[in-house]
2 protein chains.
Amino acid sequence: MAAALRLLDDHGLADLSMRRVAGELGLQPSALYHHVSNKQQLLGLVSDALLERAFHPGPATTWDTRLVAVAAALRDALLAFRDGAELVASTIAFGLGGRAPYDALVSALDGSDVSAGQRPTAARTVLHYVLGQTLQEQTRLQADSLGALPTGVSGPAVEESDFLDGLAMVVDGVRVRAAAGSRVDEGA
Amino acid sequence: MAAALRLLDDHGLADLSMRRVAGELGLQPSALYHHVSNKQQLLGLVSDALLERAFHPGPATTWDTRLVAVAAALRDALLAFRDGAELVASTIAFGLGGRAPYDALVSALDGSDVSAGQRPTAARTVLHYVLGQTLQEQTRLQADSLGALPTGVSGPAVEESDFLDGLAMVVDGVRVRAAAGSRVDEGA
DNA sequence: ACCTGAACACCGTTCAAGT
DNA sequence: ACCTGAACACCGTTCAAGT
């Protein structure tokens, strides 16, 4: 995992091949198949290793600040490694890793008025937002670092506020459900 | 494009290689490089061709029903081709195609109280939700079609209601912004 | 303008064989 | 249990050469 993460961060996801990982370890490619049954599974393990090292949401008191904190921590983790968003998004989509972020989002809703039935929906929605937005961000950042000069010396991190704006919208959507839940309670 | 879409739908994205597309046309692989500068560009064109054939949102009167209609039409388009969600999501993420859905979402907000500055954010948020959710849905559908027996004869399209539930949450988030916009107007 | 033929530098995966 | 060596069936891309 250490070798794979080093390879990922130094050369990108495209170079994270079975042959290169094996080479990094001084092994033949076929040796990896004694520890993993195919490349997708290895990528799932690398994705989990990345999250273990970089995904550390801090504590927060209310459910909505917790949701924002988990989302921001996930974005930070994905941006901490080259192609991190692409790797984690794809392993999550194919269900071979990256369950920690989803679980953290569901836990963030503990003590909220969002009904138990709606929490998976809320968690998935926030997760899709963070993955999609961060993937696009990271792709653009890497395109810029290869592309033309920084024509506008464009200033720092225009993207972070974009991220937080969209995130606030999603959280507002969840809040509407929380309000509906508490109204039902009050009505009962 | 017709050959590529046939290949995609019959054999999946993994088999949509330059060599297979060329073979389908009775050409050498190198011949494709006279029409396209690399594989990513070709995938962008295939993605746009897919959307042209399958993405047809119907008309709707209010901005929020329009948003839902565009989102549902996009989901339908992605599900209409094998690996459609994966193809379109990746070309959109890398900025090589699939601009039509984003544009349609922005247009859907015409006449809403969402401010001009917030419309791109709202459109991106809905777009990320649809792509992420549909990718996960399609992946699971295809895993099921290969995997074990339908143990529960599980009933039709549990996923569609999941999709609509999450979509409603996102649209609620946008609605909060629309309400904020109209309140500003009333206040002035 | 459009295509062929051949080559370069890679892939993931399998499998017999070794220790 | 863990690994090597060799092979199979592929990749994307380049480039001289043809018409």
Side-chain angles (χ1 to χ4, degrees), chain A residues 1-50 82-83 86-98 139 142-143 146-147, chain B residues 1-50 82-83 86-98 139 142-143 146-147:
Chain A
M1 288 307 105
L5 284 174
R6 202 169 48 233
L7 218 43
L8 174 70
D9 208 33
D10 292 350
H11 301 278
L13 187 57
D15 282 17
L16 197 62
S17 66
M18 298 298 274
R19 299 178 106 103
R20 296 264 267 160
V21 171
E24 199 77 2
L25 297 168
L27 298 175
Q28 294 293 320
S30 51
L32 298 182
Y33 289 86
H34 222 268
H35 302 92
V36 106
S37 64
N38 53 44
K39 189 188 180 181
Q40 281 211 314
Q41 187 178 121
L42 184 138
L43 291 181
L45 295 172
V46 176
S47 175
D48 284 342
L50 185 158
R82 165 126 74 133
D83 293 334
E86 194 182 349
L87 172 67
V88 174
S90 82
T91 61
I92 286 182
F94 293 100
L96 313 149
T139 302
Q142 283 167 188
L146 297 177
Chain B
M1 288 307 105
L5 284 174
R6 201 169 50 233
L7 218 42
L8 175 69
D9 208 31
D10 291 350
H11 301 277
L13 187 57
D15 282 17
L16 198 62
S17 67
M18 298 298 273
R19 298 179 107 103
R20 296 265 265 159
V21 171
E24 198 77 3
L25 297 167
L27 298 175
Q28 294 294 319
S30 52
L32 298 182
Y33 290 85
H34 223 269
H35 301 93
V36 105
S37 63
N38 52 45
K39 189 188 179 181
Q40 281 211 316
Q41 188 178 120
L42 184 138
L43 292 181
L45 295 171
V46 176
S47 175
D48 285 342
L50 185 158
R82 161 122 85 128
D83 292 334
E86 194 182 350
L87 172 67
V88 174
S90 82
T91 60
I92 286 182
F94 294 99
L96 313 149
T139 302
Q142 284 167 188
L146 297 177

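Below, each value reflects all heavy atoms present in this structure, side chains not excepted, and no hydrogens, waters or symmetry copies. Order of the sequence lines fixes the chain letters, A, B, ..., with proteins taken first and strands second; residue numbering starts at 1 for each chain.
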Could you measure the distance from the [atom1] atom of [X] to the [atom2] atom of [Y]? Nearest 0.5 Å is fine.
X: Glu24(A); Y: Arg19(A); atom1: CD; atom2: CZ; value: 16.0 Å
X: Ser47(B); Y: Leu5(B); atom1: OG; atom2: CG; value: 9.5 Å
X: Asp9(B); Y: Leu16(B); atom1: CG; atom2: CG; value: 11.0 Å

Contacting residues from [range], given that a heavy atom lies under 4.0 angstrom of DNA chain D:
range: residues 7-18 of chain B; value: Ser17(B), Met18(B)
range: residues 88-96 of chain B; value: none
range: residues 36-49 of chain B; value: Asn38(B), Lys39(B)

- Task: Could you give me the CA-CA distance, side-chain angles and deciding distance for Asn38(B) and Leu42(B), then say whether side chain to side chain contact (heavy atoms under 4.5 Å, CB included) is met?
- Result: CA-CA 7 Å; Asn38(B) 52 45; Leu42(B) 184 138; over 6 Å; no
Side-chain touch [X]/[Y], heavy atoms, less than 4.5 angstrom:
X: Val46(A); Y: Val21(A); answer: no
X: Gln142(B); Y: Asp83(B); answer: yes
X: Asp10(B); Y: Arg82(B); answer: no
X: Val88(A); Y: Ile92(A); answer: yes
X: Asp48(B); Y: Thr91(B); answer: no
X: Phe94(A); Y: Glu86(B); answer: yes

- Provide the distance between the two C1' atoms, one in dA17(D) and one in dA1(C), to the nearest whole Å. 15 Å
- Message: Below 4.0 Å from chain B heavy atoms, what is the first contacting nucleotide of DNA chain D and what is the last?
- Response: dC11(D) to dC15(D)
- Message: Between Leu45(B) and Met1(B), is the side chain to side chain contact (heavy atoms under 4.5 Å, CB included) condition met? List the steps.
- Response: CA-CA 8 Å; Leu45(B) 295 171; Met1(B) 288 307 105; 3.8 Å; yes
- Item | DNA chain C base-pair string [pairs: Watson-Crick or G-U under 3.5 Å; |: paired with another strand] | ||.|||||...|||||.||
- Query: If you pin Arg19(A) and Leu32(A) to their nearest nucleotides in DNA chain D, which one's is more 5'?
  - Reply: Leu32(A)
- Contacts of type side-chain hydrogen bond (donor to acceptor under 3.5 Å, both in side chains), residue Arg20(B), not counting sequence neighbours: Asp15(B)
- Check Gln40(A), Gln41(A), Lys39(A) against Leu43(A) for a side chain to side chain contact (heavy atoms under 4.5 Å, CB included) and give me the one that passes. Lys39(A)
